[in-house]
Structure formats: structure tokens, C-alpha cells
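Taking it in order: structure first as C-alpha cells, then the write-up.
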There are 2 protein chains.
Amino acid sequence: MQRPRTATIRDVAALAGVSVGTASKALNGRGSLRADTIARVRQAADQLDFQPNPAARSLHAGRTYTVGMITTDTIGRFSIPLLIGAEDTLGAGEMSVLLCDARDDPIREQHHLRTLLGRRVDGIIVTGRRAGTRRPLASTAGVPVVYAFLASTSPDDCSVISDEPGGARLAADHLLTVGRRRIAVITGPEHHHSARVRAVATIAHLAAAGVELVTPPLHGEWSEAWGRQAVGLLSAQQISFDAVICGSDQIARGVADALRETGRHVPQDVALTGFDNWDVIALASRPPLTSIDMDLEGLGRAAASLLLKAIEGNPAPGTHPHPAKLVIRDSTVPA
Amino acid sequence: MQRPRTATIRDVAALAGVSVGTASKALNGRGSLRADTIARVRQAADQLDFQPNPAARSLHAGRTYTVGMITTDTIGRFSIPLLIGAEDTLGAGEMSVLLCDARDDPIREQHHLRTLLGRRVDGIIVTGRRAGTRRPLASTAGVPVVYAFLASTSPDDCSVISDEPGGARLAADHLLTVGRRRIAVITGPEHHHSARVRAVATIAHLAAAGVELVTPPLHGEWSEAWGRQAVGLLSAQQISFDAVICGSDQIARGVADALRETGRHVPQDVALTGFDNWDVIALASRPPLTSIDMDLEGLGRAAASLLLKAIEGNPAPGTHPHPAKLVIRDSTVPA
DNA sequence: ATGAAAGCGCTAACAA
DNA sequence: TTGTTAGCGCTTTCAT
């Protein structure tokens with residue numbers, strides 16, 4: 001099929017029997033026109049299914065109603081809800097999203113940044129697969145940037161991160177509420193930002209309630225295998241515990257399996273919390289896991305809102321934590 | 001920071017001491033210019049970090065070097081590799097990707113389609129979370145469309161789908177190769193396109209080798225729980241089997257767990273194949289799963305290539321299957 | 001209340 | 001070989 005040339009404002013003007021300028025005013029509500037002129041133009045536009053050419057509009061307005069989204073790591077499980085949330089908010093505001101995947105490669109990142117700036121995006125959202133901090137983007141020529149999930153190391157930048165300590169506290173509180181006092185923490189690698197932050201917050205919060213961990217946090221991989229292994233370690237050391245706070249749902253699921261296979265019941269004997277509320281894991285676990293949901297979609301929406309504000313000239317520099325939620329399932333409260 | 005006006009070609013021309021037209025030619029390699037003029041212009045452009053305004057370029061060229069990607073279901077596990085693959089090839093070709101998430105909502109889809117057409121994208125890729133077919137997009141005013149992963153019901157459209165029957169045959173072949181003959185199939189809902197297609201292909205292929213399933217395909221949910229439950233059904237019916245072909249990795253993992261918990265060894269007693277090669281599941285399974293990988297990233301790249309061709313005026317209507325791969329792990333071949 | 005015309009940044013046809 | 005000019009589609013002064 002030959003691509004039919006789309007209607008221009010001249011076609012509309014011609015059909016309505018007015019000049020281009022008048023048509024423009026009618027469609028944009030500028031100037032003062034007679035009501036019936038406006039109506040005639042509108043009707044002509046409808047009839048031709050007129051949509052203003054965004055290139056022409058951008059050329060004039062100096063903005064593109066487009067924002068770039070750079071995922072620094074590969075787009076992954078964490079980035080998706082962020083994307084969806086951001087796309088949601090931006091789409092509502094007439095903005096479109098250009099997607100760039102930098103694959104953890106600084107060269108690619110630089111390349112994408114140039115592309116986005118070259119395309120004159122109105123703003124940029126930077127996301128990554130894991131929480132923590134990152135160096136700020138190189139020069140963005142005054143284009144506003146919001147970092148989502150990971151924070152820029154520069155306090156002048158605007159970052160929206162998950163309130164991981166808050167999430168950790170929710171889990172700890174919940175376990176205290178259901179009466180647990182002999183609590184262990186099994187989590188990810190010691191050098192990993194999230195693992196550390198969450199463990200520290202957990203310990204502090206429990207301490208404030210007069211509870212001490214039965215043993216220092218156990219650090220390992222973010223895997224089910226580590227969760228199973230860690231249960232073995234605890235048993236070997238003859239450590240008695242009635243709850244385990246896990247650094248991820250995967251670890252928690254491993255813990256659940258190991259406990260079941262050694263004859264202990266969750267949650268009767270041991271209550272268990274995960275982190276991430278990753279449904280594939282949390283729901284498939286036996287029993288399903290109580291978990292902390294970082295509300296990444298909400299975080300993405302928040303980031304997008306801040307970006308919109310910044311584009312409008314009201315930047316909000318600093319690091320903004322986004323609250324997490326507790327999702328209660330059978331691993332802490334019997335069905 | 002005040003946004004510094006970006007350099008225009010006039011700035012470049014002025015700095016190089018030539019006219020705008022000459023500068024344009026120099027930068028685009030058109031016309032015939034003296035070598036040193038070209039050099040001077042290039043140098044001026046570099047110095048000013050000149051990047052042509054895409055709005056102006058689009059306005060003239062009548063194209064935007066942008067393609068829209070609509071995910072009809074929410075962006076999910078399957079869409080991501082597709083996105084990445086497509087973004088990869090398109091990005092290489094100077095094209096950027098506008099992302100739209102229609103959330104399985106026809107209204108949203110229609111809205112996004114209008115937006116994309118309004119933005120004058122050069123082409124559109126439509127993807128979805130599950131394989132199968134869908135009605136074609138409403139009028140796209142001649143803008144080329146490629147359907148990826150799911151196929152359009154119209155044969156005039158261009159679709160790239162996974163060769164699921166081929167994938168199913170790979171699994172069946174592999175099991176025959178490792179000497180299994182008493183094979184069962186446990187898969188997803190009977191009404192689900194993928195479940196049906198894969199089961200049918202499996203049966204036909206085994207039949208061609210003179211092997212019949214030990215029992216008709218067992219249909220249930222796409223879940224681990226169903227996998228476990230199905231093993232129970234087989235046992236209850238006293239059906240003996242030495243291999244199970246599963247419709248998904250999740251089902252296979254459930255089967256693996258149930259077998260282990262009833263004292264049967266995988267793969268010694270029962271060999272097991274999954275489908276999707278979804279690492280979180282396939283690798284976490286005990287043992288790790290042999291699985292079929294649909295190479296969605298490659299599929300995304302293929303779709304993008306076809307779209308580029310179509311944009312260049314060489315459409316390739318029809319449904320193009322993309323081959324799957326067998327990934328062998330411990331669930332069929334002892335470590 | 002409406003029309004004419006200039007200009008956004010760039011490319012391409014035409015002149016010189 | 002280079003410069004001049006028109007025009008892509010739209011908005012916006014400035015005349016009328």
C-alpha cells in the first residue's frame with residue numbers, strides 16, 4: 001500500500017475555507033476567532049483526521065515531548081516495573097519514551113546518551129538493575145535527569161530510590177508482631193549494597209526492640225542454593241531460631257525448602273520473610289512467602305513525575321526514598 | 001543550569017566561513033566540494049559539537065528514524081528479550097525505539113497506536129507476552145508493521161514467531177537419543193496455543209520414531225504445583241515412565257521436586273525437559289533443567305530486520321518461524 | 001476577526 | 001566549487 005500523505009494544516013485550512021494562520025489559532029485556541037470559524041476548522045480537522053506534524057511542532061517549540069530512558073544494566077526484572085511505571089506517568093502527560101539499553105557497557109551508555117541528546121529529548125531517566133549508587137551521567141547539556149532505583153553519587157542530581165531500610169524494618173516489625181524473638185538473617189553478598197543496607201537496618205531496628213540476632217547475618221549468593229546451605233550452617237552450629245529474615249525471595253525459598261526437608265514447619269516452627277515480592281518465587285514457594293515489595297512501579301511513576309517537574313523548570317535535587325510495602329503470606333502467618 | 005542553545009548548522013557555517021548550504025553538503029557528503037573546505041566544516045562542527053536537529057531533518061525527510069514498539073500484554077518476561085533484541089538491531093541502524101505498553105487493553109492499544117502514528121514513526125513492532133495469534137492492528141495508514149512472537153491473523157501482515165513445533169521436536173529427539181522410550185507429556189492448559197502446538201508436534205515426532213506416549217498429554221496450569229500434582233496422577237494410575245516432556249520450566253521444576261520427594265532420581269530414573277529456558281527456574285531446579293530456548297532476543301532482532309526492510313520498501317509478508325535451541329543440563333544427562 | 005509573512009533548522013535544486 | 005533560495009509544517013507576530 002502506498003503511504004497516503006497525512007493531512008497538513010493547509011488541507012484543513014483549505015477545507016474550512018480559512019487561512020493557515022487562522023486554522024492554527026482555531027486548533028490551538030489562540031487569538032480571538034468567531035465561534036463558528038473555530039467549529040468549522042475543528043470539523044475539517046476531524047474529517048481529515050488531522051494530526052499536527054510533531055517535527056514541525058518541535059522545530060518551532062524547541063522541545064520534543066519525548067524523554068529518554070537509559071537502563072544501565074540490561075533491562076531486567078527490576079527495570080521492567082520501573083519502565084512500566086514511568087511510561088505510565090509520562091504517557092499520560094503526552095510524553096513518549098525512547099528506550100535505550102546500555103548493557104552495563106559505558107561505551108554503549110555514552111553512545112545512547114549522545115543519541116538521546118542528539119534527538120533533543122526533554123529529559124532522561126536512568127535506571128539500573130540493582131540498587132546502590134553510580135557516577136552521574138556525563139554532561140547532559142542542561143537536559144534534566146532523574147535516576148531511578150539507583151542513586152547518582154552527586155547530591156545535586158535527582159534520584160528516587162527504594163527505601164530499603166524502611167522495607168527491612170517492616171519485615172522485622174512483622175516478625176516481632178507475630179511473636180518471634182530468635183531471629184536469623186540470611187542474605188546476599190556482603191559487598192552488595194542492598195544486602196548490607198537491609199541487614200544493618202534490620203539489626204538496628206530489632207535492637208531498638210531489645211532483640212538481638214541469634215547469630216551475625218549470614219552472607220552468601222542471591223540464590224536458593226545459598227538459602228538451603230545457610231540452613232545447614234545454622235543447624236550444624238546448633239543455633240536455635242524461630243524466624244529467618246531473608247535478603248531475597250530466592251534465598252527465602254531455598255530456606256523454606258531446606259526447612260521442610262529437615263522436618264521443620266513454616267511458619268509454625270520457623271517464620272520466614274523474603275524481599276522483592278517476586279511473584280514467580282514468592283508464590284511458588286512452599287509455603288508462599290511473606291515478602292517486602294519495593295513498589296518499583298510506583299517508584300517509576302515517582303521518578304517520572306519528578307522528571308516532568310524538572311522539565312517544567314522545578315527540579316528537586318536530592319535522593320528521594322520511595323516506601324516499600326509488606327505483603328503477608330503463609331510463611332509468617334498460618335493459612 | 002540554563003540550557004545552552006545547541007549549535008545549529010549556521011553556527012558551523014559561520015565558524016567555517018562558508019554558507020549554510022555548503023556546510024550541509026560538507027557534512028552530508030553531497031555535491032562536490034574542495035577537500036579542505038570539507039575538512040574546515042567538519043572541524044568547525046566538531047568544535048561546536050554540532051548535532052543536526054532531528055526535527056528539522058524529519059520535517060524535510062518525511063521520516064523520523066523512530067519506530068514504535070507496542071507490547072499488547074504488559075511488558076513481561078517474554079517481551080523483554082524481544083525488546084532488547086529489537087532495540088539492538090534498530091539502534092545499530094540509527095533508529096530509536098518508542099516504547100508503549102498497552103496492558104492488554106484495546107483502548108490503550110488504540111490510544112498508543114494513534115500516538116505513534118501521530119509521531120510519524122517509520123514503523124511499528126507489535127509484541128505480546130504469549131505466543132499465538134491476534135487480530136491485526138487497526139488502520140496504520142501505510143506504516144509498516146511487524147508482529148513479533150505472536151502472529152497477526154492476516155497473512156498479508158508480517159509476523160515472526162517462535163518455531164514451537166521445532167522446539168518440541170528438539171526435546172523429543174534429545175530424549176530418544178538418550179535412550180528414553182516411555183515418555184509422558186505434562187503441559188499447560190488445553191486451550192492455550194503453545195501447550196497445544198507443542199504437544200501435537202511432540203506426539204507426531206515421537207510417532208514418526210515409532211514411539212507412543214505412555215498416556216495422553218496431561219493438561220493443567222503453567223505452574224510448579226501442577227507439575228507436582230501431575231506426577232501424583234501418573235503414580236496413582238501406576239503408569240511407568242522414564243522421561244517427561246514438560247510444557248514449561250515451571251512445570252518441569254514441579255515435576256523434578258515431586259519425583260525427588262517420592263524417591264525417584266532425575267535423570268537416572270526419569271529424564272526431564274522443560275521449555276522456555278527461563279534461567280531463574282531452570283537453573284534453580286534440582287537438578288538444573290534441560291530446556292528449549294526460543295531465542296527471543298534473536299527473534300526480536302529478526303523482527304527488527306524485517307521491519308527495517310519493510311521501511312525500505314521491501315516488505316516480507318507472511319509468518320516467519322524463528323528456530324529454537326536445545327539447552328542440555330543435568331535433568332537429561334547426568335552431570 | 002482574519003490574513004499575510006517570517007522563521008524554527010535543515011536539505012536540495014538551481015545559479016553563479 | 002560555492003552561494004542563494006525555496007520549502008518541509010507549523011506557530012506567531014504584525015497588518016488589515
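Below, chain A is the first sequence line, B the second, and so on; all start at residue 1. Keep in mind the model is a prediction, meaning the values are calculated, not measured.
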**Item:** C/dC8 phosphate, OP1 or OP2, under 4.0 Å from B/N53 side-chain N/O
**Value:** no

**Asked** Is it true that a side-chain atom of B/T71 and a backbone atom of B/G128 form a donor plus acceptor pair closer than 3.5 Å?
**Response** no

**Prompt:** What's the closest nucleotide to the A/A56 side chain, out of D/dG9, C/dC10, D/dT2?
**Reply:** D/dG9

**Request:** State whether B/R30 places a side-chain N or O below 4.0 Å from either non-bridging phosphate oxygen (OP1 or OP2) of C/dA12.
**Result:** yes

**Prompt:** Taking the side chain of A/R34 as its heavy atoms from C-beta onward, which of D/dG3, C/dT2, C/dC8 lies nearest to it?
**Reply:** C/dT2

**Message:** What is the distance, to the nearest angstrom, from the CZ atom on B/F50 to the P atom on C/dG9?
**Reply:** 10 Å

**Request:** Quickly work out the B/R119 CZ to D/dG9 C1' distance and round it to whole Å.
**Result:** 16 Å

**Fill in**
Among C/dT2, D/dT1, C/dT11, the one nearest any side-chain atom of A/T22 is C/dT2

**Asked** B/N28 has an atom CG; how far is it from atom P of C/dA13, in whole Å?
**Response** 13 Å

**Message:** I want to verify a distance call: between D/dT11, D/dG9, C/dA1, whose nearest atom is closest to the A/R57 side chain?
**Reply:** D/dT11

**Prompt:** Between D/dT2, C/dT2, C/dG3, which nucleotide gets closest to the side-chain atoms of B/K25?
**Reply:** D/dT2

**Item:** A/V20, nearest nucleotide to its side chain (from C/dT2, C/dT11, D/dT11)
**Value:** D/dT11

**Message:** So, does B/S24 get its side chain near the phosphate of C/dT11, meaning an N or O under 4.0 Å from OP1 or OP2?
**Reply:** yes

**Asked** Starting at CG of B/L27 and ending at C1' of C/dC10, how long is that distance when rounded to a whole Å?
**Response** 11 Å

**Message:** Starting the side chain at C-beta, find the nucleotide from D/dG3, C/dG3, D/dC10 nearest to B/V18.
**Reply:** D/dG3

**Request:** Would you kindly give the CG-to-P distance between A/L33 and D/dT11, to the nearest whole Å?
**Result:** 13 Å

**Euclidean distance, atom CG of residue B/L48 to atom C1' of C/dC10 [Å, nearest integer]** = 16 Å

**Message:** Less than 4.5 Å apart, side chain to side chain, heavy atoms only: is that true for A/P144 and A/L307?
**Reply:** yes

**Request:** Using atom types as modelled and distance alone, determine if a side-chain donor or acceptor of A/S24 lies under 3.5 Å from a backbone N or O of A/V20.
**Result:** no

**Request:** Would you mind telling me which residue lines up with the more 5' stretch of DNA chain C, A/H60 or A/A23, judged by nearest nucleotide?
**Result:** A/A23

**Request:** Specify the separation, in whole Å, of atom CZ of B/R10 and atom P of C/dG7.
**Result:** 9 Å

**Message:** Looking at A/R10, I want to see if its CZ is surrounded by more than 12 non-hydrogen atoms of other residues, nucleotides or ligands under 6.0 Å.
**Reply:** no

**Request:** Quickly work out the B/L59 CG to D/dC10 C1' distance and round it to whole Å.
**Result:** 8 Å

**Request:** For C/dC8, take OP1 and OP2 only and decide whether either is under 4.0 Å from a side-chain N or O of B/T8.
**Result:** no

**Request:** Give me the one residue out of A/R134, A/R103, A/R114 that meets salt bridge (charged side-chain N to carboxylate O under 4.0 Å, His left out) with A/E109.
**Result:** A/R134

**B/S19 side-chain N/O to D/dT2 phosphate OP1/OP2 under 4.0 Å** = no

**Message:** Any base atoms under 4.0 Å from A/S58, or only sugar-phosphate, or nothing? Heavy atoms, all strands.
**Reply:** nothing

**Asked** Would B/R119 and A/S96 satisfy side chain to side chain donor-acceptor pair (under 3.5 Å), going step by step from the backbone distance to the final call?
**Response** CA-CA 9 Å; B/R119 286 192 174 252; A/S96 291; 2.8 Å; yes

